[in-house]
**Student:** 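Okay, here's the structure, questions in a sec.
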Amino acid sequence: MVAAAAAWFLFVGGLAVAFSAEALSFNNSASGALLSFKNSIFGDPSNLLSSWNLTTSPDYCTWYGVTCQKSSNTTTGVVVTALNITGTSTARLSGTLPESIQNLPYLRTLVLSHNCFSGEIPAGSIAKLSFLEVLELQGNNFSGKIPQQISTDLHYLRLLNLSFNSFTGDIPATLIGFGKLRVIDLSNNRLTGGMQLVSSSKCLFLRHLKLSNNLLENNIPKDIGHCKNLRTLLLDGNILQGPIPAEIGQILELRVLDVSTNSLTQTIPKELGYCRKLSVLLLTNSNNFVGNNGGTGDGFRLEFNAFEGGVPQEVFMLPSLQILWAPRANLDGRLPGNWSDSCSLRVLHLGQNSLRGVVPKGLVMCKNLTFLDLSSNFLTGDLPMQLQVPCMMYFNVSQNNMSGSVPTFGKGSCDTSIISYGQDPNFLDVEDIQIACSSIPVWGSHTLLGSMAGADFVIVHDFSWNQFVGSLPLFSVGEEFLVSKNRTSYRLLLSSNGFTGSLPGKLVSNCNDLLSFSVNLSTNHISGEITDMLLNCLPIREFEAADNEISGFLAPSIGNLRMLQCFDLRRNRLSGSLPNELGNLRFLKSVLLGMNNLTGEIPPEFSQLSSLTVLDLSHNAVTGSIPVSLTSAKNLEIVLLNNNDLSGEIPPPFSNISSLVVLNVSFNNLSGHIPRLQHPIDCDWFRGNAFLDKCSDQSSNTPPGEVQPSHGDGKWRNHRKRSFLIAVVTSASAVLCVSLVVVLLSFYGKRKFWRISSLRGKVVVTFADAPAELTYDSVVRATRNFSIGNLIGTGGFGSTYKAELVPGYFIAVKRLSIGRFQGIQQFDAEIRTLGRIRHKNLVTLIGYYVAEAEMFLIYNYLSGGNLETFIHDRPGTNLLIKERRSSELFSPELWEAGPNENLLGMLKLASSCTVDSLSVRPSMKQVTLPWNFCFMDYGSMIISRINAGITSQLFEVVKHTKPSTVI
């Protein structure tokens with residue numbers, strides 16, 4: 001009996017061992033590894049892996065995404081060489097990458113891009129895939145550090161793409177330049193630290209290096225010049241500092257270089273002129289055309305590159321250069337005049353710099369030029385008439401000091417490559433396009449400028465804000481843009497010049513061949529009557545001619561302009577009554593006719609204007625009553641009827657229009673009740689009407705609190721409303737019509753037109769001693785939209801601007817680099833705490849603004865010198881230190897509190913951190929390592945002394961520190 005039991009036990013045990021061995025064999029097999037991978041998937045809504053089933057499909061080589069190859073090294077005769085499961089917008093996997101992936105040792109290609117994988121890459125398992133050549137995991141949510149084993153064990157790896165994930169930490173020190181890697185794409189993560197190359201590597205295989213949109217800092221390493229076969233180098237969207245290394249000029253195969261959106265300084269090296277194959281050079285990228293939305297989740301990155309000097313002649317003359325993009329780069333100097341017919345430039349963007357001189361005639365040799373932006377510089381002189389402006393999709397010389405007459409540019413014939421530009425970037429090889437495409441800011445002007453109602457091309461020619469004089473010339477668009485397959489919109493901007501004479505009979509030679517046409521003639525000296533130029537151009541969408549001397553009446557034929565959306569003739573000399581035919585313009589959104597000599601009544605046909613949002617008939621001689629039918633325009637937001645001769649009652653249905661935020665009927669002869677609008681009203685909108693009922697201001701006061709939005713007291717709030725209303729009525733036409741379509745879109749998401757109430761969304765949080773004038777708009781205006789001319793300092797955390805908020809009151813605004821902070825809520829909480837600290841010897845934080853796309857701090861600006869001057873130039877300072885009388889630099893209380901060596905250490909630290917040259921100042925890492933004891937121990941003591949009210953010369957030092965250092 002015992003023997004039988006023992007035999008049975010041995011039988012069962014042997015069977016168990018057999019089953020266990022079989023299971024182990026299965027798990028180590030290719031099919032077992034694949035099924036283990038499937039088990040790690042917790043989301044497969046589209047059933048991509050439904051075929052992964054040994055029962056229904058025993059041949060795993062036929063499973064979705066699996067590729068096999070015959071091999072004599074295995075018992076099955078085949079090995080899995082590729083696993084390629086690329087997600088789409090409708091079919092994505094969610095899960096983790098299991099360690100069992102190591103059981104596919106012959107894998108050469110692992111592609112899991114654009115799915116929803118998360119967690120870390122199993123380092124040990126990846127190291128076992130020794131034959132791996134392609135690793136593409138982009139577009140997931142992998143996190144943790146990039147495994148070091150990728151750059152030590154995968155010797156056959158050619159392509160590594162980990163972009164658009166959430167990787168953190170440093171780039172492995174042995175990765176860049178490792179083995180046979182041709183492509184490294186680590187962009188759009190949260191990688192930190194600096195760049196470094198494998199010291200022993202010659203970097204001969206690397207072709208494409210993309211590190212965009214991370215948090216990399218320190219300098220660009222000089223040994224990047226060892227990568228002589230590099231074709232694309234994309235370093236944009238980081239916090240890199242220092243100069244562009246001249247050694248990049250050794251990379252003779254370089255095609256694309258992007259160093260924009262960093263904190264680079266010093267001169268642009270002329271050695272870049274040795275890169276004779278360079279096609280795309282991006283030095284800055286602060287233009288609104290491009291949103292650099294990286295993987296950080298913080299939205300737009302701001303541009304902090306600020307170079308010294310100009311673009312070297314050697315760079316301008318590069319024979320293959322087709323895109324030079326450097327707006328707001330702090331550049332000066334002049335444009336070269338010696339371009340030759342070998343010029344390859346298609347895109348030249350040098351706007352918002354400090355260029356001087358004239359637009360050289362030699363620029364006409366760049367016959368392929370289709371994008372030219374020289375706006376906001378100090379250019380003077382005439383425009384060369386040989387420029388092929390009709391062939392340019394974007395031409396902008398606005399906000400300069402150019403003069404003379406604008407010539408009628410010769411049209412000639414446009415190169416067909418200009419027309420195809422944007423659809424076919426044929427100046428780069430296919431491989432370069434795949435790597436660099438997303439980084440190049442102009443991939444066609446229809447995407448660059450935003451399409452207009454189905455337009456294939458949006459052509460913009462901007463001559464505004466100069467000193468051009470004479471009569472208006474005849475403009476044209478290249479015929480090649482107007483072929484039947486292209487739908488072209490044209491925007492012509494001529495405002496704020498000195499143009500004279502009457503409106504011409506024709507302004508654009510081929511207007512009726514366009515999909516739409518917009519023109520801005522505001523703020524000139526144009527006279528005469530409305531001519532056929534307007535009435536016969538049927539595709540006209542926006543006509544802005546405010547602040548001129550145009551007279552006559554509006555003809556009924558204006559009702560034929562069925563595409564008209566914005567009609568602005570404010571502050572002219574129009575007379576007569578409003579034609580009823582205006583009611584035919586169903587797309588009309590803005591009617592701006594204030595400050596003319598119009599008479600008659602408001603046509604009841606205005607009720608048909610279902611798209612109307614702004615109606616301005618103020619300061620005319622309009623009579624009659626306000627038609628009740630006007631309240632049928634349910635999209636009204638601003639109605640300005642003040643300063644007329646209107647009588648009767650205000651139609652009560654105005655209270656039913658939910659979008660109406662301004663209804664100004666002041667200084668008329670109205671009577672009866674004031675309708676209760678759905679938004680707060682200002683009683684000033686109704687004054688000057690003797691028989692109107694008393695107004696009850698519906699505005700509510702800002703609730704009190706320690707920290708509150710900067711709306712100020714009631715008096716200031718009313719003053720702001722009146723100022724805003726006056727601005728609506730009297731501002732230049734570009735501000736209103738263009739703002740209606742473009743600027744205020746950013747305040748209200750995807751709405752096609754703006755709401756005034758949404759202006760309250762951009763709120764500056766202020767502290768107790770902040771002036772009432774401190775608002776978001778006033779800060780942007782005072783800094784001239786953060787102009788380079790207002791820049792007084794820059795660093796790793798951002799740039800500082802000096803601004804005159806109101807006459808005689810200066811502030812320092814620290815505009816922060818978004819990527820340096822962990823989140824809006826944490827930032828907001830910390831700044832609110834710092835805002836409570838007050839001491840007479842410390843620079844005062846008076847407010848801040850925080851949003852996903854913008855952060856800045858606002859301090860009182862102190863003009864009493866700076867820390868560098870105090871330390872380096874103060875008489876006797878160096879002598880006191882040399883004679884070991886340093887104690888005389890500090891107050892007795894602070895010197896006694898000690899420790900003295902820490903005080904002296906802080907003084908030396910301040911000395912090294914306040915030199916003018918950014919290249920000489922130590923980095924934050926260099927500062928914090930040797931002085932941790934100062935910041936941790938001594939720093940807390942300083943804060944306690946501040947709270948205790950201790951005054952010292954040390955705090956006087958801080959008081960006079962440069963804003964760029966203190967903030």
**Student:** Indicate yes or no for a side-chain donor-acceptor contact from Asn548 to the backbone of Ile526 under 3.5 Å, with no hydrogens or angles considered.
**Tutor:**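 Between the backbone of Ile526 and the side chain of Asn548 there is a qualifying donor-acceptor contact (under 3.5 Å).
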
**Student:** Identify the heavy atoms of Cys566 and Glu544 that sit nearest to each other, and give their distance.
**Tutor:**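 Minimum heavy-atom separation between Cys566 and Glu544: SG-CG, 4.3 Å.
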
**Student:** How close do Ile268 and Gly310 get, heavy atom to heavy atom, and via which atoms?
**Tutor:**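 Residues Ile268 and Gly310, closest heavy atoms: CD1-O, 4.2 Å.
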
**Student:** Using atom types as modelled and distance alone, determine if a side-chain donor or acceptor of Asn401 lies under 3.5 Å from a backbone N or O of Leu379.
**Tutor:**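 Not a single qualifying donor-acceptor pair exists.
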
**Student:** With side chain to side chain contact (heavy atoms under 4.5 Å, CB included) as the criterion, how do Leu335 and Leu374 come out once you've worked through the C-alpha distance, each side chain's angles and the decisive distance to 0.1 Å?
**Tutor:** CA-CA 10 Å; Leu335 292 170; Leu374 301 175; 3.9 Å; yes

**Student:** Is there a donor-acceptor contact under 3.5 Å from the side chain of Asn305 to the main chain of Phe307?
**Tutor:**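 Not a single qualifying donor-acceptor pair exists.
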
**Student:** Provide the closest heavy-atom pair for Leu264 versus Pro243 in the form atom of the first, atom of the second, distance.
**Tutor:**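 That would be CD2-O, 4.5 Å.
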
**Student:** Considering non-hydrogen atoms only, spot the tightest contact between Gln399 and Asn466 and give its length.
**Tutor:**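 Minimum heavy-atom contact is N-ND2, 3.9 Å.
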
**Student:** Evaluate the side-chain proximity of Phe856 to Thr783: yes if any heavy-atom separation is below 4.5 Å, no if none is.
**Tutor:**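 Answer no - side chains too far apart.
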
**Student:** Measuring from atom CG of Asn520 to atom OG1 of Thr523, what distance do you get when rounded to the nearest 0.5 angstrom?
**Tutor:**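 These two atoms lie 7.5 Å from each other.
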
**Student:** Closer than 3.5 angstrom, by distance alone: can the side chain of Thr284 be matched with the main-chain N or O of Pro327 as a donor-acceptor pair?
**Tutor:**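 Present.
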
**Student:** For the atom pair CD (Gln266) and CD (Glu308), what is the distance rounded to the nearest 0.5 Å?
**Tutor:**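 One gets 6.0 Å once the value is rounded to the nearest 0.5 Å.
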
**Student:** Any side-chain donor-acceptor pair under 3.5 Å between Asp236 and Thr261?
**Tutor:**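 No, because no side-chain N or O of Asp236 sits under 3.5 Å from a partner of the opposite role on Thr261.
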
**Student:** Could you pull out all residues at least two apart from Asn396 that satisfy side chain to side chain donor-acceptor pair (under 3.5 Å)?
**Tutor:**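 Expected list: Tyr394, Ser398.
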
**Student:** Under a 4.5 Å cut-off applied to non-hydrogen side-chain atoms, are Ile638 and Thr613 in contact?
**Tutor:**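 Sidechains of Thr613 and Ile638: no contact.
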
**Student:** For the residue pair Lys802 and Phe810, would you count it as a cation-pi contact if the rule is NZ or CZ under 6.0 angstrom from the ring centre and within 45 degrees of the ring axis?
**Tutor:**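 Yes; both conditions hold, so Lys802 lies above the ring face of Phe810.
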
**Student:** Less than 4.5 Å apart, side chain to side chain, heavy atoms only: is that true for Leu845 and Leu857?
**Tutor:**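 They are in contact (side-chain heavy atoms under 4.5 Å apart), so the answer is yes.
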
**Student:** What pairs with Phe468 under ring-ring contact (aromatic ring centres under 6.0 Å, His included), at least two apart in sequence or on another chain?
**Tutor:**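 Applying ring-ring contact (aromatic ring centres under 6.0 Å, His included) to Phe468 gives none.
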
**Student:** With a 4.5 Å heavy-atom cut-off, do Val359 and Asn400 have their side chains touching?
**Tutor:**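 No; the side chains remain at least 4.5 Å from each other.
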
**Student:** Any heavy-atom pair between the side chains of Phe463 and Leu492 that's under 4.5 Å?
**Tutor:**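 Side-chain contact under 4.5 Å: yes.
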
**Student:** If you round to the nearest 0.5 Å, how far is CE of Met595 from CZ of Arg571?
**Tutor:**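 So the gap between those two atoms works out to 6.0 Å.
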
**Student:** How close do Gln467 and Asn497 get, counting heavy atoms only, and between which atoms?
**Tutor:**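 The answer is N-OD1, 3.3 Å.
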
**Student:** Using a 4.5 Å cut-off on heavy atoms from C-beta on, say whether the side chain of Asn377 contacts that of Leu331.
**Tutor:**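 Sidechains of Asn377 and Leu331: no contact.
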
**Student:** Main chain of Asp684, side chain of Asp682: is a donor-acceptor contact present, judged purely on distance under 3.5 Å?
**Tutor:**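 Side chain of Asp682 to backbone of Asp684, a donor-acceptor pair under 3.5 Å: yes, one is there.
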
**Student:** Return the OG1 to CZ distance between Thr380 and Arg356, rounded to the nearest 0.5 Å.
**Tutor:**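 So the gap between those two atoms works out to 9.5 Å.
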
**Student:** Would you check if Asn642 and Phe667 make a side-chain contact, meaning some heavy-atom pair closer than 4.5 Å?
**Tutor:**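 No, side chains not in contact.
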
**Student:** Under the criterion side-chain contact (heavy atoms from CB on, under 4.5 Å), which of Asp373, Asn285, Asp258 is the partner of Trp325?
**Tutor:**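 Of all the options given, the one that passes is Asn285.
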
**Student:** Mind running side chain to side chain contact (heavy atoms under 4.5 Å, CB included) on Leu805 and Ser778 for me, showing each step along the way?
**Tutor:** CA-CA 7 Å; Leu805 190 64; Ser778 67; 3.5 Å; yes

**Student:** Atom OG in Ser496, atom CG in Leu521: separation rounded to 0.5 Å?
**Tutor:**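 Ser496 atom OG to Leu521 atom CG measures 11.0 Å (nearest 0.5 Å).
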
**Student:** Check whether any side-chain heavy atom of Leu283 sits under 4.5 Å from a side-chain heavy atom of Val259, and report yes or no.
**Tutor:**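 Of all side-chain heavy-atom pairs linking Val259 with Leu283, at least one is under 4.5 Å.
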
**Student:** Walk me through whether Tyr849 and Val780 qualify under side chain to side chain contact (heavy atoms under 4.5 Å, CB included).
**Tutor:** CA-CA 11 Å; Tyr849 174 78; Val780 173; over 6 Å; no

**Student:** Using modelled atom types and a 3.5 Å cut-off, is there a donor and acceptor pairing between side-chain atoms of Asn262 and backbone atoms of Asn238?
**Tutor:**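 Checked: pair present.
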
**Student:** Identify the two heavy atoms, one from Val397 and one from Met402, that lie closest to each other, and give their separation to 0.1 Å.
**Tutor:**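 Taking every non-hydrogen atom into account, CB-SD, 4.0 Å.
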
**Student:** Between OG of Ser260 and CG of Leu282, what distance do you get to the nearest 0.5 Å?
**Tutor:**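 One finds 5.5 Å between OG of Ser260 and CG of Leu282.
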
